[in-house]
Amino acid sequence: MWKLHHAIDRGHTKLDWLDSRHSFSFGDYIDPQRMGFRSLRVINEDRVAPGAGFRSHAHANMEIITCVLKGTLTHRDSLGHQTTLTPGQFQCITAGSGITHSEFNASETDEVWFYQVWIYPDVQNLTPGYQQVAITSQPGLNLVASRDGESDSLRIQQEVRLFRACLKPGADSRHPIAPGRHAWVQCMRGELDLTELSSNRVMTLGPGDGLATSGSASIQLSTTSMADALMFDLV
């Protein structure tokens, strides 16, 4: 089963300082058919104006992963962390039993553009935690997050493996999907071709498009231009 979620069909929040697109129901955007996929609950694409941002707010029992595509994002939280994220860096908050944090555009002149993902943990009320890693974007699939923190990836409290797919023209990367597992691919930039290798079915994703797949044994990611995407391997 493949299901394409077109970028144009995402929810939209537009404020004087924020332009946000929601792949799943979020805030005032509610669609009973789009409440998430497996343990994925939120995929938001946010653009925040210079000097603006999200004031301190609370979270609990959620794994929150942030990926900056352009600009600089300042993070502060109730654990005492004061950090910045720039392109190539990923952040993970284990909200656990409760954490408050704020996120602001560190620049007074340029917007910051980032993706934020929320994943349900499989254990409740964990001790809150914070991680930040720099992922070297080698061509192909780069492991960003995993249950066991494999290859210095972010350690998350769920059976999810998150990859960043960085592809150049003519390049491709194959990923096997174990029986009983599923995948979600979110195209962030460029144009991405997905091929189900058992059937040779092909689907093309543009910026903001997402594709859910269940029952595929292996998929191939390729591009004729360039592509920058997130791929989730989920139970």
Side-chain angles (χ1 to χ4, degrees), residues 23 38-48 53-54 59-97 99-107 112-123 126-168 173 175 183-190 192 210 221 226-235:
S23 295
R38 314 303 298 179
S39 57
L40 275 175
R41 176 59 189 88
V42 166
I43 300 178
N44 284 351
E45 179 184 3
D46 293 336
R47 297 175 185 266
V48 176
F54 301 91
H59 294 283
N61 293 316
M62 197 68 70
E63 302 291 286
I64 302 171
I65 299 173
T66 302
C67 165
V68 173
L69 297 178
K70 182 181 179 182
T72 305
L73 188 69
T74 297
H75 163 92
R76 295 184 178 89
D77 64 42
S78 54
L79 301 180
H81 298 102
Q82 297 188 33
T83 61
T84 58
L85 276 101
T86 56
Q89 295 181 317
F90 285 77
Q91 171 197 94
C92 180
I93 298 170
T94 293
S97 58
I99 190 172
T100 59
H101 76 135
S102 62
E103 298 161 303
F104 276 84
N105 186 343
S107 173
V112 60
W113 173 27
F114 62 98
Y115 266 78
Q116 188 166 94
V117 174
W118 295 9
I119 298 173
Y120 287 119
D122 55 12
V123 178
L126 292 161
T127 299
Y130 177 89
Q131 304 165 72
Q132 184 171 323
V133 296
I135 302 295
T136 302
S137 296
Q138 300 295 332
L141 294 175
N142 302 274
L143 184 63
V144 172
S146 62
R147 161 77 82 180
D148 58 4
E150 176 188 343
S151 302
D152 297 322
S153 60
L154 297 166
R155 187 182 298 269
I156 57 174
Q157 305 300 317
Q158 182 54 266
E159 288 294 337
V160 173
R161 288 166 62 80
L162 167 60
F163 299 86
R164 185 172 189 174
C166 300
L167 299 173
K168 295 182 178 180
S173 187
H175 180 74
W184 179 282
V185 180
Q186 183 74 32
C187 185
M188 298 188 293
R189 293 183 286 204
L192 181 66
L221 295 79
M226 65 79 63
D228 186 3
L230 298 176
M231 190 189 77
F232 303 83
D233 186 320
L234 312 127
V235 292

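Note that this is a predicted model, so its numbers are computed, not measured.
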Report the relative orientation of the aromatic rings in Trp118 and His59; use parallel for angles under 30°, tilted for 30 to 60°, perpendicular for over 60°. perpendicular
Donor-acceptor contact present, side-chain Gln132 to main-chain Thr84, <3.5 Å: yes
Heavy-atom side-chain proximity of Ser39 to Ile119 below 4.5 angstrom: yes
4.5 Å side-chain heavy-atom contact, Gln116 and Val42: no
For residues Ser146 and Ser153, is any side-chain donor paired with an opposing acceptor at under 3.5 Å? yes
CG/Leu85 to CZ/Phe114 distance, rounded to the nearest 0.5 angstrom? 9.5 Å
Is there a donor-acceptor pair under 3.5 Å between the side chain of Asn44 and the backbone N or O of Asp46? no
Are the ring centres of Tyr130 and His101 closer than 6.0 Å? no
Taking side chain as C-beta onward, heavy atoms only, is Arg161 less than 4.5 Å from Leu143? yes
Heavy atoms, side chains only, cut-off 4.5 Å: are Leu154 and Val144 in contact? yes
Point-to-point distance, once rounded to the nearest 0.5 Å, from OH of Tyr120 to CZ of Arg38: 13.5 Å
Under 3.5 Å, side chain of Gln157 to main-chain N/O of Val123, donor-acceptor pair present? no
Any donor-acceptor N/O pair, Asp228 side chain to Arg189 backbone, under 3.5 Å: no
With a 4.5 Å cut-off on side-chain heavy atoms, are Asp152 and Val133 touching? no
So, do Ser102 and Phe104 sit near enough that their side-chain heavy atoms are less than 4.5 Å apart? yes
